[in-house]
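Note sheet for the following structure.
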Amino acid sequence: MLTGSAAIFALVMLLLLIAYRRTPAPHQSERRQERFWLYGLGLAFPLVTLAALLIYGLVLGETLLPKANENVVTVRAEARQWSWSFGYADAAGRTQCVLHIPAGRPVEVEITSLDVVHSFWAPRLAGKLDAIPGQVNVLRIEAAAPGEYHGVGAEFSGPGYSGDAFTVIAHDPASWAAFLGRAKE
Amino acid sequence: MNALARHRALSRIWSSQPGWRGVISTVNHSDIGRMFLLVATLFFLIGGVLAMLIRTQLATPHSAFVAPAIYDQIFTMHGTVMMFLFAIPLLEGAAVYLLPKLLGTRDLAYPRLSAYGFWCYVFGGLMLVFALLAGLAPDSGWFMYPPLSSSAHSPGVNADFWLIGVTFVEVSAIAAAVEICVSILKFRAPGMSLDLMPIFAWYALVTALMILMGFPPLILGSILLELERAFGFPFFESALGGSPLLWQHLFWLFGHPEVYIIFLPAAGVISTVLPVMARTTLLGYRWVVAAAVALAFLSFGLWVHHMFATGIPHMGLAFFSAASTLVAVPTGIQIFAWLGTLWKGWPRLTLPMLYIIGFFFTFVIGGLTGVMVAIVPFDWQAHDTAFITAHLHYVLFGGFVFPMLAGLYYWLPQLTGRKRFFRIGEMAFWLIFLGFNGAFLAMHWVGLLGQRRRIAWYPEDAGWTAINLFSSISSFVMAIGVAMVVFDIALHALLAIQGSRNPWDAGTLEWAMPTPPAPYNFASIPIVRSREPLAADPAIGDQIARGEYFLGEPRGDLRETLTVDAASGRPEALVIFPGNSTLPITLAAATGAAFLAALIRAYWIVPLALLLVVGLSLRWGWSQDAAAYPGLQNVGRATLLPQAIETDRSPGWWGSVFLLVADTVLFGSLFFGYAFLWTVGPNWPPPQWLSLSVLELALGLIGAAVEVIGIRLAGRAVSRSSPSSHGTLLALAGAAMTMAALAMALTRAGQLTDYAYGATIFVMIAYAFIHAAIAAIMICSLAYRTLRGGASCPRTSNVNIVRLWTDYAAFVAATSLIATQFSSYLT
């Protein structure tokens, strides 16, 4: 996307530069110029480029959508000004500002809010999805490797917005089992 | 009469009063346009200072420059000021100043309405400036998402300032849009068919229509949110059947077209200036017109791309993603039409052209990043980061400020009659260009690194420090450039030497007049036979001054101009404009009093102020009808035309049509809200439905039918000059019946604070009630004038206007009664 954009930008700049460098051809028919500039560059060129890009985006978006998977772990994220509280389908109790997930398994996060609109965003795990009061949005995330991942609230939510962050801890199978066991106690 | 005597006579007729009295009583479009441009520029500087405060805050990690509570006010006001108090008024000002000159006429359709709009803007802007200085400014971000902006989470008066102040300013945008539509369609030089209009007028027409369609959803949203804040009507409260997403839909239904509302006039400036700088004509005039119209249509189909992260189903996202990428096609057509024009001609590198090159550079980048964020997976990451901030500034600064600066330097000699002398502008350009790109290119980068927009501080270990500091320093370089432009313009206006009449060798009519322009624009109204009349006939300016065209002989104290057939440009009627008046500023003050009373919650003042508004409006309409000479008038060149108010479709009728377009969109948005809560809102259905009342329904529908029939009978009586007032009385009875039915329904709407359903149907019925009351007042005024008879006796044009409003009132009464009375059966 970046390369394509850079190429289009360079093309426009080049055409602009040449306009100043060339000597104008005096007797070119206006209709021919229209055919080149408007049918060609104005209409056909963006239509083809954009159609390709759009299809690519939709296919990619489709693969990012949650699919039925038996191995899925479900967790629940509740946003409020300015902290996140997480609950687990497989364990009782809640954790504050730390979300525990197993690594290497798809996780569905059921996101909602208790007050204003927030947005759940763990940049290295997935895109963002809004936390809206009265509504539950489901985001599929997956951590490739165990470790700590940074997350933030990503919709402006008032004076405490800048510091509205959480951590996602992805466990290997053993420590995930240990976490579930601890939570059950 | 020689040219000088004609100039003196016309100047006496058209001039505003000297000094401060002139400022408050002028209705002349050149004055109002200049005042709009000046005040909008002041707000640009205020918004710019706020931007500098933002960049100061973000220059270093853990900044303690201002606390988050203040910082939130600063960035909210930066966006609000730039959008509502700078960009929209600036384009309105440019259109108000330029259009009559481009179209070859003497003033806009409703001179007093331009003044009214201007004063609404000033008073609304002052409210927001006061809030800013008092530390009470809105602080929920410029798109004001509830519940953050609801009373529970924003208890202070801050959000009310936004909702009420911005709505007040929008009144002025609607006024200007109606004015621009009618002026372009009806007030042109004879012979100027739509196909021969200067390209800027096409852009202005499309923009004005977009304002009429785009602003009502936000006005409605603001009214609903203010009702929620003030009285607890739970439209956006999900626990009570409302939905916070309803606001987001209404806001972006406005917010996305708004971007194109800002861009299109700027594109109009480029399409005007660039061909002149290339010493040629625009390549593909019809293509460019079609592209502008296509942009307008598409822009209403992609508001959801601001809501990709709200959990909308992927199929829905696919549709809006496609629409969002498709919008790049008409933009591409314009870009390549401009490039083709440059190739076709022989471009000069002047200062306006320098800014246009700056536009190409920045806007193309902004467009390309726009295509990126239209792709859903990318947007899920980039949304609400500094990348978006950078993108929108590339689009808005690149797509609006650069072209407007090009336009400023292009039309400056026309505005002042002087020659540019000091060469500060070029240096200012480079500072602005380099500073802008430094500041915002860096912001793309830091956004991709994960910096969210609207944060007040960031930690040191984020690794964003150097980028932010670079961005801040660059933004100050840009600010210095802007200050130099202001300095340059001030020096130019005060010190530069007299210039020649058409310094750029342009072909449009605004250069066929002495500069600075006289208040009447054209000593006689020219006949236009080409898109570039001045290029086709360089002597046209002298012929105009010698009074060789229409209305070359001033009569008495009358400000006269012509209207034409909208499509062909055939002369149609003579218009006599009202003269200087303090009525507009008084009416704006009365309107402001109603808004201010709502703001400080002194609700008992609101009806009093509205009563004053109604009284002044009646006076306004009345005084417009004074006919100096009855019958056909000689307008010069052996042409006899009727006066516009004696035709069936007067300018007032046209204005009512366009105002009703905006009104219908408002009503449609209300319906959308009703349907949205019904289908999407959580916690629906409501505990209790409005039960069907046959009495209300029958009374309302029969009343609606009666008023529609009555007003037609009244029209027939007037066209036969018969003194019968039966039709008027029948219409009045019909209006009274609908009002009674609606009032009964209002009392049954239930506990309004308990549930969004009751609140929504209350607003729908109240909307119909207000329109029934407006129709009733208009019919009363008609009846009174019929009874008085004589010179005040209504004409067909008066009845036709009242008929429009009566029909509309009947339509909304019937629709809202049916939609609410049967709701319990619809489940």
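Numbered from 1 within each chain, the chains take letters A, B, ... in sequence-line order. Every value quoted in this text rests on a predicted model; they were computed, and no experiment measured them.
- Ranked by heavy-atom pairs shorter than 4.5 Å toward chain B, the options A:Gly42, A:Ala51, A:Gly158 are led by A:Gly42.
- Ranked by non-hydrogen atom pairs under 4.5 Å with chain A, the options B:Val371, B:Ile335, B:Leu349, B:Val376 are led by B:Leu349.
- Contacts of A:Arg94 classified as salt bridge (Lys or Arg N to Asp or Glu O under 4.0 Å), with partners at least two apart in sequence or in another chain: A:Glu78.
- Between A:His100 and A:His171, the side chains place a donor N or O and an acceptor N or O closer than 3.5 Å (distance only, hydrogens not considered).
- With a 4.5 Å cut-off on non-hydrogen atoms, B:Phe236 does not touch chain A at all.
- With B:Gln381 contributing its side chain and A:Ala126 its backbone, the two residues share a donor-acceptor pair below 3.5 Å.
- Using a 4.5 Å cut-off between heavy atoms, B:Trp287 touches chain A through its side chain atoms alone.
- Shown here for A:Glu142 and A:Arg105, the closest heavy-atom pair between the two residues is CG-O, 3.6 Å.
- For B:Ala382, the part lying under 4.5 angstrom from a heavy atom of chain A is the backbone only.
- With a threshold of 4.5 angstrom between heavy atoms, B:Pro347 approaches chain A through its backbone and through its side chain.
- Here the shortest heavy-atom pairing between B:Val373 and B:Phe387 reads CG1-CE2, 3.9 Å.
- Closest approach of A:Ser113 to A:Ala131, counting heavy atoms only: CB-O, 3.5 Å.
- For the 3.5 Å distance criterion, the side chains of A:Ser157 and A:Trp82 qualify, holding a donor opposite an acceptor.
- Between chain B and the options A:Gly40, A:Gly134, A:Gly160, heavy-atom pairs under 4.5 Å are most frequent for A:Gly134.
- In this structure, B:Ser63 contributes its side chain and B:Leu58 its backbone to no donor-acceptor pair below 3.5 Å.
- Using a 4.5 Å cut-off between heavy atoms, A:Asn137 contacts chain B through its side chain alone, with no backbone atom that close.
- Looking at B:Ala239, neither its backbone nor its side chain comes within 4.5 Å of chain A, counting heavy atoms on both sides.
- Nearest approach of A:Tyr161 to A:Glu155, heavy atoms of both residues: CE1-O, 3.2 Å.
- Of the two parts of B:Phe143, only the side chain, counted from C-beta on, holds a non-hydrogen atom closer than 4.5 Å to a non-hydrogen atom of chain A.
- Of the atoms belonging to A:Leu53, heavy atoms from both backbone and side chain fall under 4.5 Å from chain B.
- Residue B:Pro330: no heavy atom, backbone or side chain, is found under 4.5 Å from chain A.
- Contacts with chain B were tallied for A:Pro159, A:Gly4, A:Pro46, A:Ala6; A:Pro159 has the most, counting heavy-atom pairs under 4.5 Å.
- The candidate from B:Gly284, B:Ser150, B:Gly332 with the greatest count of non-hydrogen atom pairs under 4.5 Å with chain A is B:Gly284.
- Heavy-atom distances place the side chain of B:His153, and not its backbone, under 4.5 Å from chain A.
- Options B:Val364, B:Thr310, B:Thr341, B:Thr369 differ in how many heavy-atom pairs under 4.5 Å they form with chain A, and the most are formed by B:Thr310.
- In this structure, the portion of B:Ile375 lying under 4.5 Å from any heavy atom of chain A is its side chain and not its backbone.
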Problem set entry | Residues B:His383, B:Phe308; criterion ring-ring contact (aromatic ring centres under 6.0 Å, His included); working and verdict | CA-CA 8 Å; B:His383 188 72; B:Phe308 279 168; 8.3 Å; no
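- Comparing A:Val136, A:Asp164, A:Ile132 by how many heavy-atom pairs each has under 4.5 Å with chain B, the most go to A:Ile132.
- Listed by chain and residue number, nothing satisfies the salt bridge (Lys or Arg N to Asp or Glu O under 4.0 Å) test with A:Arg80 (two or more places apart in sequence, or in another chain).
- For A:Phe166 against A:Trp121, the heavy-atom pair with the smallest separation is CZ-O, 4.0 Å.
- Contacts with chain A were tallied for B:Asp384, B:Val288, B:Leu342, B:Leu245; B:Asp384 has the most, counting heavy-atom pairs under 4.5 Å.
- Comparing B:Gly141, B:Pro147, B:Pro68 by how many heavy-atom pairs each has under 4.5 Å with chain A, the most go to B:Pro147.
- For the options B:Phe360, B:Tyr71, B:Phe361, B:Tyr458, heavy-atom pairs under 4.5 Å to chain A are most numerous at B:Phe361.
- Contacts with chain B were tallied for A:His150, A:Gln135, A:Lys128; A:Lys128 has the most, counting heavy-atom pairs under 4.5 Å.
- For B:Ser154 against B:Asp139, the heavy-atom pair with the smallest separation is OG-OD1, 4.4 Å.
- With a 6.0 Å cutoff to the six-membered ring centre and a 45° limit on the axis angle, B:Arg531 counts as a cation-pi contact of B:Tyr285.
- Looking at A:Phe36, neither its backbone nor its side chain comes within 4.5 Å of chain B, counting heavy atoms on both sides.
- For B:Gln248, the part lying under 4.5 angstrom from a heavy atom of chain A is the side chain only.
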